[in-house]
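Remarks on the structure that follows.
Every value quoted in this text rests on a predicted model; they were computed, and no experiment measured them. In what follows, chains are A, B, ... by sequence order, proteins preceding strands, each numbered from 1.
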Amino acid sequence: MAEWEPVVGLEIHVQLKTRTKMFCRCESGFGAEPNTRTCPVCLGHPGTLPVPNAAAVEWTVKLGLALGCEIAGHALFHRKHYSYPDLAKGYQISQYDVPLCANGRFLVPGPDGDREIGIVRAHLEEDAAKNVHVGGAGGRIGGAAHTLVDYNRGGTPLVEIVTQPDLRSADEAKRFLQLLRQTIVELGISDAEMEKGTLRADANVSVRPRGADELRTRTELKNMNSFTYIARGIEAEVARQIEVWDSGGKVVQQTYDYHPETDALTVRRTKEEAEDYRYLPDPDLVPVEPPAELVERLRAEVPEAPGARIRRLEPQLGFELAEGLVASGRDRLYERTPGERRAVANVVMNQLAGAGIDPDAVDGDELGQLVEARDRIPRAAFLEALAHAGDPDFRAERYLAEAAVADVSELEPIVDDVLAAHPDEAAAYRRGKQGLLGFFVGQVMKRTQGKADAKVVNELLREKLSA
Amino acid sequence: MGGGLVGATLDTLRLTAEEAMGLLERGEVSRAELRAAYYDAVAARDAELHCYLRLTEDAEGEGVPIALKDVIGTEGVETTAGSRILEGYVPVFDSTVAARCKEAGLSLLGKTNTDEFAMGSSTENSAFGPSRNPWDPTRVPGGSGGGSAAAVAGGLAPWALGSDTGGSIKQPASLCGIVGLRPTYGTVSRYGIVAFASSLDQVGPTTKTVRDCALLYGVIAGRDPCDSTTVDVPPVEVPDAEHLKGLRIGVPRELNEADGIERGVADSVARAIELAEGLGASVEQCSLPRSVEYGLACYYIIAPAEASSNLARYDGVRYGPREAGGSFDEMVERTRDAGFGDEPKRRIMLGAYALSTGYYEAYYGQAQRVRRVIAEEHAALFERYDVLLSPTSPTVAFLIGEKAANPLAMYLSDVLTIPANMAGLPGLSIPCGLSEGLPVGLQLVGPQFSENLLFRTGHALERALGFDYVPERLR
Amino acid sequence: MAISRDEVLHVAALARLELSDEEADRFTEQLGAILEAVSKVSELDLGDVEPLSHPLDLVNVWADDEPRPSLPLEAALGNAGEDEDGHFRVPPTGMTRES
Ligand SMILES: [Mg+2]
Ligand SMILES: [Zn+2]
């Protein structure tokens, strides 16, 4: 039996969070009542014309730069024709032979080394409307099946990103997407939430004997709306294809829907006639020629790539922690927080994340003081302080002062009082019943309402009891 | 004028828009009287001419009335583009040109007949019946803007707007003995104009005189933020000089000697050329070898390709009548089959074919290359000449039904207007005489944004020619 | 270049037109004649000529990302053949389609 290697490419749609739609100035927010964010342009009324959204063009260039793409000196909008009620004009305005961004590379570090994933293109297009299918089998009694269309989403800006088939495992695809998402979020151009559909990914999957160069027939996977489902969908499809090939069959080019509840793949019904999109340069729109100054300004605004950041942090932290910090957008807080590196990384990655604190709101120096005092103060007090680490006026000092009484001159009279109040126990300790130390610590803690520095109290008690 | 003018005595056949403006300004006639005079003319002659698809009796505006071709979207007023598929469609917004007319105070008289989606050269392709030529009602008024041209020539509107893709303003103006301007592509907004072929469509005036033409162009021209393909336009000058001193006129051989140019048409144009020389212009023969030979073929690939795309939106979902169907696809296919007439169907299929896999390069790609050749041929001539001169249409108005069965013969009506249109150039048609009792049009083409020069040239020639734009049988 | 009846039916399907038999026959003949006439463009050897898709040399016409009012719902639905619960209503599509 041959050993098989997955060959995976992704096609990703990112919904930009511009205030208005791509080609009209309807607000593009969500949650509005159906068809209340529409106008003659996005309803495709006769005679209406598209006017591109400047912010969407800039953001696409910016994303292209973050993906290492070349920015076209001259890009066009095309019309892509197909028939469906979610298209108001009978065509979607998209980019075809000359996309705004092309030929990029995106670094995805892995546990066993780095991978560079090729970006074929990133182009700008408009989203389709939303269809609601109503009635029919299992639907309302007596109600004929029909479809309801809400054009609110129709015409909102999308960036479509197409990768080379460079991904070699489901896990790699998932990690690529997570870093891509992080990049998008950091650029501030989209919420990029798979669950909400503002980030959507389809996978092109094939397998080949490991070590071979060939590209075998691929299938397309859709309907995977989380990182986990993407990985599981790809795994399921890879397994299916391996079984087909191993049993002497042939993989057929088809589109599948992945059903996460059952891990099943079902063939998507398509038109019998192959689509012929009849691309046409949109005569209502003029070419986009991003000025060099604009491209350079945007380039300067692009943050350091997540892959490079992981590689930078890996020597100090190991791959897993480095990736975790970067992929969750916590590495910048980690970097601006002074202190022992692993301790800081753990606090930032685990406790702070557990407390649901926005890392961008946290002052690194203050957090550093907290991490430094972590072992000296009671755990409850530490967590309490951490929970407020994102507050605008958070000062670690205040929590530490309240939390830990470490000053010997302050604690000594209390220790003396406790020993004086329990002469029998003190005698027993001195006779060798060392387990009573905890009892004395507890008494001191009680009197200080838990604020005493346990280490200092221990030392003081030992000193006095052995005297 | 003693007791002043009353509507009934206004001679709408002769009255120019400029004169009407003067009457209103001097208070010699009221807005209501003026509108009533045109409605009287409509009552008298529209049953025969069928210029209007609908009248708008309660329209606002204190200025001169105007008629708009029914491809021009008007808020609250049904706009059908001459097609069943838009029957009952009432726009919720004004096209930019309709809005500019309103801002200028022009009051809407009604929407004029057009070939369906402006596809045609005779107005016979209107789903609502053909319009007729005021000079001879057995003949076509030209098209697609036959309704607007016939309304102005027949005194049913002082002026009107049309739209021109392959010649739909210039050719009907020629056949009806009036003035028509197809402006430089990009000078007049297409926002709200029912699209036919977006890289060619351009709205322009249909008027009795060149001065009226300049006045109306001044109202509608200029950049529109809603149309990405518009530009700022130099200030419009209403012409008054009556000489052509220093003007260099080129007479492209192929446009003047093309097959099918009628003898009477050629003679009238020749007389106009002599007059131009008399007014001080220099006239020289020149050549547009490939523009004329390949222009029509190029046009009949590009225009249908864009049309097939522009007409894809008519699916019965958001507007327009709908045929029943068990599935979405069935509903759409039946709606489109019932809603479109033969000419849009032919062009939609022709365009879909030219854009489809395997044919794009041979048809659409090649046509776009031919288009550049045409543009460059014209640009080269404008290094030597200010204006190119030719007939507008090879023939005078033809009989209703004469070409209806043969689409290719109909397409030839635009052979002389198409080349300049492909190059995005402005073209002015003015009447220059009669042939067998029917008007002949003279086409003046200039470089991009040369409208003021075309107005000056047209005005001087118009004065010298002394053509009477009132149809003989109505005088 | 002639066009076959099947090709006419194929482009009709692409163009979402349901043609009757009579229409299919008539259009096959007419489109064949038109295609033959327009094929004239292929006589020219223009391999080195840039296609011209637009008569004006404009680039970069964009609008600021500033919202303008949308239509009231009644206006949006006002011309629709059928509507339901603020939606446009159409016969079932039976298929899913993605951008
Ligand atoms: Mg897409
Ligand atoms: Zn809108």
Not counting sequence neighbours, which residues clear side chain to side chain contact (heavy atoms under 4.5 Å, CB included) with A:Pro287? List them please. A:His74, A:Leu76, C:Val59
In short, C:Leu73 meets A:Pro34 closest at the heavy-atom pair CD1-O, 3.5 Å
Would A:Leu148 and C:Phe88 count as a side chain to side chain contact (heavy atoms under 4.5 Å, CB included) if you check the C-alpha gap in whole Å, the side-chain angles of each, and the deciding distance to 0.1 Å? CA-CA 6 Å; A:Leu148 299 179; C:Phe88 294 85; over 6 Å; no
Using a 4.5 angstrom heavy-atom cutoff, name the option from C:Gly86, C:Ser53, C:Ala63 with the most pairs to chain A. C:Ala63
Provide the closest heavy-atom pair for C:Pro92 versus A:Ala145 in the form atom of the first, atom of the second, distance. CD-O, 3.1 Å
With a 4.5 angstrom heavy-atom cut-off, which part of A:Phe23 approaches chain C: side chain, backbone, both or neither? neither
Indicate whether the side chain of A:Thr20 and that of C:Asp65 have a donor and an acceptor atom separated by less than 3.5 Å. yes
How many angstroms lie between atom CG of C:Leu77 and atom OG1 of A:Thr36, to the nearest 0.5 angstrom? 10.5 Å
Less than 4.0 angstrom from a charged side-chain N to a carboxylate O is my criterion; do C:Glu66 and A:Arg19 meet it? yes
Closest heavy-atom pair, C:Ser70 versus A:Thr38, reported as atoms and distance to 0.1 Å, is CB-O, 3.2 Å
Please enumerate all residues that pass side chain to side chain contact (heavy atoms under 4.5 Å, CB included) together with C:Glu50, with sequence neighbours excluded. B:Arg372
Using the rule side chain to side chain contact (heavy atoms under 4.5 Å, CB included), only one of A:Asp150, A:Val134, A:Asn131 pairs with C:His87; which is it? A:Asp150
Distance from A:Arg37 atom CZ to C:Leu71 atom CG, nearest 0.5 Å? 13.0 Å
Report which part of A:Val57 has an atom under 4.5 Å of a heavy atom belonging to chain C: side chain, backbone, both, or neither. side chain
Just how far is it from atom CG of C:Leu58 to atom CG of A:Leu285, taken to the nearest 0.5 Å? 11.5 Å
Evaluate C:Asn79 against A:His45 for side chain to side chain contact (heavy atoms under 4.5 Å, CB included), listing each step before the verdict. CA-CA 10 Å; C:Asn79 276 291; A:His45 275 234; 4.3 Å; yes
Give a yes or no on this: more than 12 heavy atoms of other residues, nucleotides or ligands lie within 6.0 Å of atom CG of A:Asp97. yes
Would you please say whether a donor-acceptor pair under 3.5 Å links the side chains of C:Glu84 and A:His146? yes
Residues passing the salt bridge (Lys or Arg N to Asp or Glu O under 4.0 Å) test with A:Arg79, sequence neighbours excluded, are A:Asp282, A:Asp284
Sort by residue number and list every residue of residues 47-56 of chain A having at least one heavy atom under 4.5 Å from chain C. A:Val51, A:Pro52, A:Asn53, A:Ala54, A:Ala55
So does C:Glu29 have more than 12 non-hydrogen atoms from other groups sitting under 6.0 Å from CD? no
If only side-chain N and O atoms count, and only distance matters, is there a donor-acceptor pair under 3.5 Å linking A:Ser83 with C:Arg16? yes
